[in-house]
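Take a look at the structure below.
What you see is a predicted model; the values in this text were computed from it and never measured. All chains are named by letter (A, B, ...) in the order of the sequence lines, taking the proteins before the strands, and each is independently numbered beginning at 1.
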Amino acid sequence: MRWVTLLGRIGTVILMIGLALLVFSLIPSDGGFQSGWGTGIGPEQYMLEELGVYTPQTGLQISVESTDNVHVYLFGVNSVELDNWRTLLRETYPDLDEMFIELWVVPMIFFHEAYPEETPPNLDDPQTWDMMWDVALLDKGLQTHPEIILWESPPSSTFSHELFPAAVLDIMVIIANPSSNTVEVDINIKIKEVASVAAKERAIVAARLLIPIGIALAILWLILRKVKKSTF
Amino acid sequence: MGKGRPFLEIFTYALDEDYRFPLLEIFAFLFALGTFVFANFAPYGQTGEALAYSLVSTLCGFPLLFIFVILILKNVAYGLGSDLEKGVMQTLFSYPLKRRYILTAKLLSGLGIALLLFLGIQIFGLFLLAPDVILSYPSTVFLTYAAQLCSPALLLAGLVLLLTLRLKRGGLAIVIGVVLFLAGLVVSGLMTSIAYGTGSDVALKIWAVIDPNSALQTYYYHMGAVGFASETWVPSFSEVLLYLGAGYLIVAALFVVGYVYFDRRLEI
């Protein structure tokens, strides 16, 4: 009887684990972390936003809506390259505020490569500041560093794109306004995890295996328990 | 009759008392569901060992660890306490077995089986969810579990064991155990605030002896999180091992005191 009890309890535990996996696979996914914001982009200017570090397992879905046609690019730069660029900027512009280097390393590099003799862009100096955000500078930078473009959109006012980088990369979104009018842009980012989708599939497979094993082990003990209870 | 049979008798009795149907099954369900629901695969873009640490930490984070602590506190405090209160311990003392073996049988059931269930489900979950993490960084996974379980789970189990033996009542010991668990969360935050406020790392180092996971967490977060503000104190890996060793020494000391008290001083 003790062996039947032992096997029965092991069976009920396995059954409950299987049921837990089944419940997990039925819970609808929360769709991942989402964020959204809106901004205006001046005529023939572009904007850049750092989206964070993404991996082959953790990707993103980007949706953009704008009042006029825009070009959208997704850049991917590895952390070593970013650190090299930051070091280069610190050496070239020793008086430059660290915040500029941290936030706008890519536009700063584009600017430095296009205008090596120019003073660094500064918020107090609208001329150099506008030069840094000019679409012409972006085009020149893209010609020099085509390897950082992970994806680019055709000119459009509404689209959505999903991206899972092939390596661990810092991802940035760049939206360029080629028109001569200011455009209003709404951007939505949703973080997507391959693993969470794969986990549910694996959980279903495991549940299908565990539930019958659990029932097979527990059934005799459960019947004997019921018989014992009804006898007393 | 050898020692094996009476030991097994007491162990079976303890199992029966600690895990009445369907208690074991409910905890197994909660552990399994929690393991899968709370898994977070890429926290803040971390990679390598830092990712392995973060993944295991999310698996045995607050909700699951609290359920596990409740289970072991119930087993240690209530299981042992009710035996002392109801006089069952006197019957157990009549077995041809030294007192320390009786306590071992009770702890094996209350703590050992609970640990086996918790870790078994967690490792199974890890293999299913992220086999590459557990296969690539087995030492990080082991260290993280060792640190997470040292405090509060095993530390509280040792304290509650002492309290139950001293008070000869389980109810009060379990309440004190839960209060200490929650107090630990508050003190942990307080120590960090003190360290940032004073600029001194003494508070963090003292806390790391009681809760080695805080040292391990600082070590891995500093390794994996690029761009975060620099910590007041970032231990080296050998320091982390020292704090973990110190934490387990405290836990071992509590259990040794418990055994000595049960063996020589406990009067029924």
Interface moiety of [X] toward chain A, non-hydrogen atoms closer than 4.5 Å:
X       : value
L117(B) : side chain
F21(B)  : both
F27(B)  : neither

I'd like to know whether T5(A) forms a side chain to side chain contact (heavy atoms under 4.5 Å, CB included) with D16(B), so could you lay out the CA-CA distance, the side-chain angles of the two residues, the decisive distance to 0.1 Å, and finally the verdict. CA-CA 10 Å; T5(A) 307; D16(B) 218 31; 5.9 Å; no
To the nearest 0.5 Å, tell me how far [X] [atom1] sits from [Y] [atom2].
X       : Y      : atom1 : atom2 : value
I26(B)  : T12(A) : CD1   : OG1   : 11.0 Å
L128(B) : L21(A) : CG    : CG    : 7.0 Å
E25(B)  : I14(A) : CD    : CD1   : 11.0 Å

Under 4.5 Å from a heavy atom of chain B, the part of [X] involved:
X       : value
R9(A)   : both
L222(A) : side chain
L210(A) : side chain

Interface check, chain A: of L24(B), L15(B), T12(B), most non-hydrogen pairs under 4.5 Å belong to L24(B)
Could you walk me through whether L15(A) and F29(B) pass side chain to side chain contact (heavy atoms under 4.5 Å, CB included), step by step? CA-CA 9 Å; L15(A) 177 63; F29(B) 181 83; over 6 Å; no
E147(A) meets the salt bridge (charged side-chain N to carboxylate O under 4.0 Å, His left out) criterion, sequence neighbours left out, with none
Minimal non-hydrogen separation, A20(A) against L33(B), with atom names: O-CD1, 3.4 Å
Using the six-membered ring wherever Trp is involved, compare the ring planes of F24(A) and F36(B) and label them parallel, tilted or perpendicular (cut-offs 30° and 60°). tilted
